[in-house]
Amino acid sequence: MSSSLALRQARHLSTAATSATTTTTTTTTTITTPTSISISKAKYKLKSEHDPDKALEIYSSVSDHYATSLSTGYTQNFTVKRLAKANRFDDIENFLESHKKDPNIIQEHFLSSLIRSYSVAGMFDHALKTYNDMEELGTPRSSLSFNALLSACVRGKKFGDVVKVFDEMPQRNGFVPDSVSYGILIKAYCEMGDVGLAIERLREMEGKGVDISSIHYTTILHCLYVKGMVEEAEKVWNEMLEKGYTDVGAYNVRIMNVPGGDVECVKGLIEEMGNDGLKPDAISYNYLMTSYCKREMLDEAKKVYDDLEINKCKPNAATFRTLIFYLCKKGRYVIAHKVFKQSVEAHKIPDFDTLKILVEGLVKKSKMKEAKGMIRTIKKKFPPTVVKAWEKIQQELGIVIADEDDNKKRVMELRKM
DNA sequence: CTAGGGTTAG
């Protein structure tokens with residue numbers, strides 16, 4: 001019997017607890033404990049939980065679910081993502097539809113989070129149906145649920161629907177599109193490749209007195225660069241400067257489009273940001289660091305990384321991944337290993353491929369202790385499928401981890417009890 | 001994750 005089949009059966013047995021003939025073994029024990037946890041604890045636990053059933057369990061064990069709608073939306077989204085990854089769309093439907101029987105369904109934000117959850121699961125039709133169910137469910141309409149639906153259209157690449165929904169729904173249901181609605185619409189036009197219409201909608205906002213923000217401009221700016229319309233991008237940028245619609249994100253779009261990733265240009269823009277009264281963030285510095293890496297100026301790149309703290313920035317997952325990759329590429333495995341350890345402390349471990357290069361490099365340099373330690377750490381942090389892949393690498397490299405066998409023995413002993 | 005933009009892929 002395959003292990004996944006075994007899991008399915010175990011799950012089936014645990015839910016059908018009434019069937020008297022089931023003399024199941026250990027699998028039921030973890031599920032029947034009626035522990036109740038806080039939403040913040042659930043958020044923390046969900047982060048490291050990759051098993052969709054356990055994620056569901058954590059979600060349903062939250063005691064104060066509807067007190068804090070924002071956090072609930074987050075945990076709900078998270079649980080759905082885990083189920084979607086396992087392709088369990090029927091379970092997602094059951095899970096989310098059951099919320100429609102909850103008395104809180106008449107709260108628009110509660111219903112909107114269902115639309116968002118369907119959207120991240122790639123179930124656009126369900127998202128639309130939930131929106132259309134609102135009359136029947138007795139949920140009042142405003143731009144809140146409307147924007148959730150618009151986002152679902154964009155995520156599902158139903159661009160034609162975005163425009164249709166945008167032009168029809170507000171009138172029919174008696175509300176006006178707000179600044180966020182326009183933001184989603186503009187993004188949709190950009191994704192469709194029609195930046196001209198995006199700009200038209202921006203002008204429409206001006207005419208109607210809807211609040212414009214740097215987000216609307218940045219969406220268009222980014223799109224112009226993507227389409228290679230550099231001159232138009234510069235024009236829009238100047239308009240942004242004039243009207244005061246620049247922020248860190250807008251500057252980062254400019255930085256990421258510096259021709260050839262020229263180091264001096266990137267540095268210049270970071271300086272400009274400061275003069276504009278803005279504080280460059282980790283993304284800004286990551287671009288600078290990457291520019292150095294690509295020119296094989298690893299000492300300078302490392303300095304950008306080391307200076308992050310002075311600049312009041314925290315390295316993110318991309319920082320660690322990029323720096324470790326390029327350090328390895330130049331054979332500087334020992335420094336790369338130090339950076340890896342810092343990534344563990346920051347709970348931002350790079351991806352499988354990057355770490356593979358590092359472990360192999362350490363072994364090549366006969367740094368067996370470091371390589372072993374790395375694998376041990378990685379196994380604790382990744383889901384079972386990734387751990388399996390690591391075991392293969394471990395075998396190929398001939399790495400034996402002594403206390404692993406001891407652990408297995410201990411588990412066997414426990415099972416006998 | 002927080003309704004909407006920017007997250008570097010080697």
Side-chain angles (χ1 to χ4, degrees), chain A residues 39 42-43 46-47 68-81 108-109 112-113 115-117 119-120 142-155 162 177-191 198 201-202 205 210-226 236 240 245-258 261 266 269 273 280-296 301 304 315-330 348 350-351 353-354 357:
Chain A
I39 190 105
K43 279 162 86 171
L46 279 168
K47 267 191 189 166
T68 48
S69 59
L70 268 167
S71 297
T72 298
Y74 171 69
T75 49
Q76 184 192 91
N77 249 305
F78 206 98
T79 307
V80 167
K81 269 187 210 161
E108 195 180 6
H109 67 79
S112 300
S113 91
I115 296 178
R116 272 193 298 281
S117 288
S119 165
V120 299
S142 74
S143 58
L144 190 72
S145 52
F146 175 64
N147 292 343
L149 180 67
L150 283 178
S151 298
C153 294
V154 175
R155 202 189 287 266
V162 183
D178 62 13
S179 177
V180 174
S181 319
Y182 272 97
I184 305 166
L185 181 68
I186 286 170
K187 173 74 176 160
Y189 279 125
C190 288
E191 297 239 320
R201 292 291 190 162
L202 190 75
M205 291 175 78
V210 181
D211 274 346
I212 296 178
S213 76
S214 55
I215 291 179
H216 303 96
Y217 270 99
T218 305
T219 309
I220 290 166
L221 184 72
H222 178 66
C223 180
L224 289 169
Y225 278 121
V226 166
V236 168
M240 290 169 78
Y245 286 124
T246 55
D247 65 6
V248 180
Y251 269 96
N252 284 343
V253 169
R254 290 211 75 203
I255 289 173
M256 69 188 274
N257 287 292
V258 164
V266 173
L269 278 168
M273 273 171 98
D281 65 6
I283 296 171
S284 323
Y285 289 114
N286 280 354
Y287 279 116
L288 180 61
M289 191 188 76
T290 307
S291 289
Y292 279 128
C293 284
K294 287 191 173 161
R295 267 150 208 77
E296 307 196 329
V304 175
N316 61 25
T319 316
F320 290 117
R321 191 190 60 201
T322 306
L323 187 57
I324 289 171
F325 174 81
Y326 282 100
L327 284 169
C328 287
K329 206 175 172 194
K330 288 293 269 179
K348 302 215 162 96
D351 60 299
D353 291 331
T354 304
I357 298 167

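In what follows, chains carry the letters A, B, and so on, assigned in the order in which the sequence lines appear, proteins first and then strands, with residues in each chain numbered from 1. Just so it is clear, the values below take in all heavy atoms, side chains as well, and ignore hydrogens, waters and symmetry mates.
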Going by heavy atoms in the side chains, are A:Leu202 and A:Tyr217 under 4.5 Å from each other?
yes

Whole angstrom is fine here: how far is it from CG in A:Asn316 over to C1' in B:dG6?
12 Å

Which whole number of Å gives the distance between the P atom of B:dG5 and that of B:dC1?
12 Å

Measure NZ/A:Lys81 against P/B:dC1 and give the value in whole Å, please.
7 Å

Donor-acceptor pair under 3.5 Å, A:Asp178 side chain vs B:dG4 base
no

Round to a whole Å and report the spacing from CG of A:Asn147 to P of B:dT2.
13 Å

Would you say the base of B:dG4 stacks on A:Tyr182 (centre-to-centre below 5.5 Å, plane angle below 30°)?
no

Between CG of A:Leu288 and CD1 of A:Ile255, what distance do you get to the nearest 0.5 Å?
8.5 Å

Side-chain donor/acceptor contact of A:Thr218 with base of B:dG5 under 3.5 Å
yes

Whether the side chain of A:Ser179 and the base of B:dG4 hold a donor-acceptor pair under 3.5 Å is what I'd like checked.
yes

Is the base of B:dC1 stacked against the aromatic ring of A:Phe78, taking ring centres under 5.5 Å apart and planes under 30° as the test?
no

Report yes if a side-chain nitrogen or oxygen of A:Arg321 is closer than 4.0 Å to either non-bridging phosphate oxygen (OP1 or OP2) of B:dT8; otherwise report no.
yes

Please give, in whole Å, the distance from B:dG4 C1' to A:Tyr217 OH?
16 Å

Indicate, yes or no, whether a donor-acceptor pair under 3.5 Å links the base of B:dT8 to the side chain of A:Asn286.
yes

Report yes if the side chains of A:Arg201 and A:His216 come closer than 4.5 Å at any heavy-atom pair, otherwise no.
no

Contact under 4.0 Å: A:Ser213 side-chain N or O vs B:dG4 OP1/OP2
no

Could you give the distance separating B:dT2 and B:dG6 at their P atoms, to the nearest angstrom?
12 Å

Atom-pair distance (CD1 on A:Ile184; C1' on B:dT2), nearest Å
14 Å

Can you tell me if the side-chain N/O atoms of A:Lys330 get under 4.0 Å from OP1 or OP2 in B:dG10?
no

In whole Å, I'd like the distance from the CG atom of A:Asp351 to the P atom of B:dG10.
12 Å

Interatomic distance where CZ belongs to A:Phe325 and P belongs to B:dA9 [whole Å]
8 Å

Under a 4.5 Å cut-off applied to non-hydrogen side-chain atoms, are A:Asn286 and A:Thr322 in contact?
no

